[in-house]
Each structure stands twice: as structure tokens, then as C-alpha cells.
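The figures here come from the full heavy-atom set of this structure, side chains too, leaving out hydrogens, waters and symmetry mates. Not measured: the values here are computed from a predicted model.
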Amino acid sequence: RSLCDWSSDVCSSDLRSLGFLGDTKEDRSDEGLRVDGDLAVALSGRIFRGSRERLTLEELCVAYRAGGLDAMRELRGAYVLAIADGARLFLVRDGSGQRTIFFGHCGARWAFAVEPKAIWSQSGFQRRVRPSALAQYLTYSFIPGRGTMLKGLYELPSGHHVELGDEAQARPERFFFFERPVEPSPRVAGGGDDEPVDSARWVERFRDLHAEAVAERIPADGPVAAFLSGGLDSSVVVAELARQTRRPVRTYSIHFGDKY
């Protein structure tokens, strides 16, 4: 399961320690590592092709060979990918950023992982705090952009891919755009081109898409559960989840005590 020596000056190590494999020993075809000739793909997360149907690593390799990185625009789900194509190494993060992936220099090599500690624990990584990141954290309670609290350690932004190569500075490129229309605007049946439908049609279209998104993520069997943050978004998701399944829906929230 080693990804080492994919190419010169590019290295990662054990998939499980990097978060590309969970604790399960189950042999799965939709997560982990697949090597196909000069192409290797490591996946953490889930990619969907249709309602409840996951894209396998074999199918993912076929899609990449056919469309390259452009094929990533069509992927749906929560995932991060590492793709070694010959001597080139790419990292990809899903459009909404549900999964995270970090990368940084370890001496003359690049390292990547789904958690920062797997990178800063490498012997070649120099742990140095970024003073500007500390100021950002104290101001916003988080660090915006791709920077982290440490110099030379970066988080790939959601909806971006990056190539890790010989250059000292990897430049992420955005491939996913929420604001880009994915379909023509609905029109009034029998109307002209300049007669858009009223807002009721958009509400109907959103309900259909929301129901489809929830359906894709309901497990085929076993218990069904969701995390409630206390806001509107999670409540709407749980309401749709309860509507679609006859199984009991368990919900959980986090409480930090009366002090907070």
C-alpha cells in the first residue's frame, strides 16, 4: 500500500497513516489505492455515480484516462484524491470541501496527507510558526485560504487540484464553481426565450436536487444517523432523511457545557 517513489522528489507513505484507508479490514473497491500501469489513484471518501451507487476505483481510473483532470468536474461526493500519472502527481479535493488534504515540503520532497500531523511528523519537515497565521486565527477564529499555522504546510482549498512537481511553490487551480450554471434556466412551457419561469419552479427544482442528494447518501442497510448543528441546513437534511427512509433516524449534537 506504499505510494513512495511515484516520481522523483515526490513521496508519500502508508495509506492508512495518511487517512486514505479507514480502520476497517474490509476489501473495498471504492476506497484506497488502485494501480493501473503508469497510473495510480488513491481515494479517501465516497464518489457517487447515481443514487446510492458508488464509483469504483477501477471506474475512476477509466474516467481519468478518458478525460484527465477535466473529468474531476463531473464527480459527486465527499472525497480527496491523489493521482500519480507517470512522473506527475496531482491532489484533488471535492467542491464543497467535506474532506481535507494537506501538502508540504519535507526536505527535497513533497508530502501529503489528510491530516497535518502526518506531514509535520516527517523528519525532513521544519516546524516553524507563521506569525501572520497566528494573527488571522486570533482575528477570525480560523485561518483563511490555503495557509496553515506552520510555514511550508498548506491545505488544498475545496474545489481545487494541484500538481506537486519540481517547483518549490505548488499552485492550486480551481475546477469547481458553485456559481456556474449547470443547466439552462427553466422556461415557461410554450413561452419565448425571454420568459423565465417564476420562483415557484426554482423552489421545485431545489427540492428535487436536495432530495436526490440526500438519497445518494443514505446507506443501503444498517443504522441511519445524522449530526445536528442547531442550524437550518442540518435540520432540513434530517427532515428529508426521515421522509425517505422507514428506518429510525438517530440524531446527535455536541454540547460544551453550561459555560458555553
From [X] [atom1] over to [Y] [atom2], what is the distance, rounded to the nearest 0.5 angstrom?
| X | Y | atom1 | atom2 | value |
| --- | --- | --- | --- | --- |
| Ile143 | Leu134 | CD1 | CG | 8.0 Å |
| Tyr79 | Ser44 | OH | OG | 12.5 Å |
| Asp70 | Phe175 | CG | CZ | 10.5 Å |
| Phe177 | Arg73 | CZ | CZ | 7.5 Å |
| Leu75 | Tyr64 | CG | OH | 12.5 Å |
| Arg207 | Glu204 | CZ | CD | 8.5 Å |

Of all heavy-atom pairs between [X] and [Y], which one has the smallest distance, and what is that distance?
| X | Y | result |
| --- | --- | --- |
| Leu153 | Phe125 | CB-CZ, 3.8 Å |
| Gly77 | Gln98 | O-NE2, 4.3 Å |
| Ile119 | Gly104 | CD1-N, 4.2 Å |
| Ala113 | Ala118 | CB-CB, 3.5 Å |
| Ala170 | Val162 | CB-CG2, 3.5 Å |
| Val114 | Thr100 | O-OG1, 3.2 Å |

Worksheet item: Any link between Leu209 and Val236 through a network of hydrophobic side chains (Ile, Leu, Val, Met, Phe, Trp, Tyr) touching at under 4.5 Å?
Response: no
Requested in this report: Using the rule that two of Ile, Leu, Val, Met, Phe, Trp, Tyr join whenever any of their side-chain heavy atoms come within less than 4.5 Å, decide whether Val62 and Leu43 are in one cluster.
Outcome: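 No, Val62 does not connect to Leu43 through the hydrophobic network.
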Between [Y] and [X], is there a side-chain heavy-atom distance shorter than 4.5 Å?
| X | Y | answer |
| --- | --- | --- |
| Met72 | Ile83 | yes |
| Arg247 | Pro223 | no |
| Pro172 | His161 | no |
| Trp110 | Phe103 | yes |
| Glu115 | Trp120 | no |

Carefully, step by step, assess Arg217 and Glu240 under the rule salt bridge (Lys or Arg N to Asp or Glu O under 4.0 Å).
CA-CA 12 Å; Arg217 289 155 178 82; Glu240 180 61 32; over 6 Å; no
query = Distance only, no hydrogens: is a donor on one side chain within 3.5 Å (strictly under) of an acceptor on the other, for Asp94 and Ser96?
reply =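 Per modelled atom types, Asp94 and Ser96 side chains form a pair under 3.5 Å.
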- request: Would you tell me whether Thr139 and Gln136 have side-chain atoms, one donor and one acceptor, within less than 3.5 Å of each other?
  value: no
Before giving the answer on side-chain contact (heavy atoms from CB on, under 4.5 Å), spell out for Glu58 and Arg34 the whole-Å C-alpha distance, their side-chain angles and the decisive distance to 0.1 Å. CA-CA 7 Å; Glu58 180 180 2; Arg34 180 175 179 83; 3.7 Å; yes
Any sub-3.5 Å donor-acceptor pair from [X]'s side-chain atoms to [Y]'s backbone N or O?
| X | Y | answer |
| --- | --- | --- |
| Arg76 | Ile47 | no |
| Arg130 | Ser132 | no |
| Thr245 | Ala242 | no |
| Ser235 | Gly231 | yes |
| Arg93 | Arg99 | yes |
| Glu173 | His160 | no |

| Would Leu33 and Val41 satisfy side-chain contact (heavy atoms from CB on, under 4.5 Å), going step by step from the backbone distance to the final call? | CA-CA 6 Å; Leu33 171 68; Val41 176; 6.0 Å; no
side-chain contact (heavy atoms from CB on, under 4.5 Å) between Val80 and Leu91, worked out:
CA-CA 7 Å; Val80 289; Leu91 305 180; over 6 Å; no
*asked:* Is there a side-chain contact (heavy atoms from CB on, under 4.5 Å) between Gln244 and Ile218? Walk through the geometry before answering.
replied: CA-CA 9 Å; Gln244 293 193 27; Ile218 299 177; 3.7 Å; yes
In terms of relative ring orientation, are Tyr140 and Phe142 parallel, tilted or perpendicular, with 30° and 60° separating the classes?
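Geometry flag for Phe142 against Tyr140: tilted rings.
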Are there over 12 heavy-atom neighbours, none belonging to Arg65, within less than 6.0 Å of that residue's CZ?
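Buried by this count: over 12 neighbours within 6.0 Å.
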Quick one, Phe227 with Tyr252, criterion ring-ring contact (aromatic ring centres under 6.0 Å, His included). Give me CA distance, side-chain angles, the key distance, then yes/no. CA-CA 5 Å; Phe227 170 71; Tyr252 300 88; 8.9 Å; no
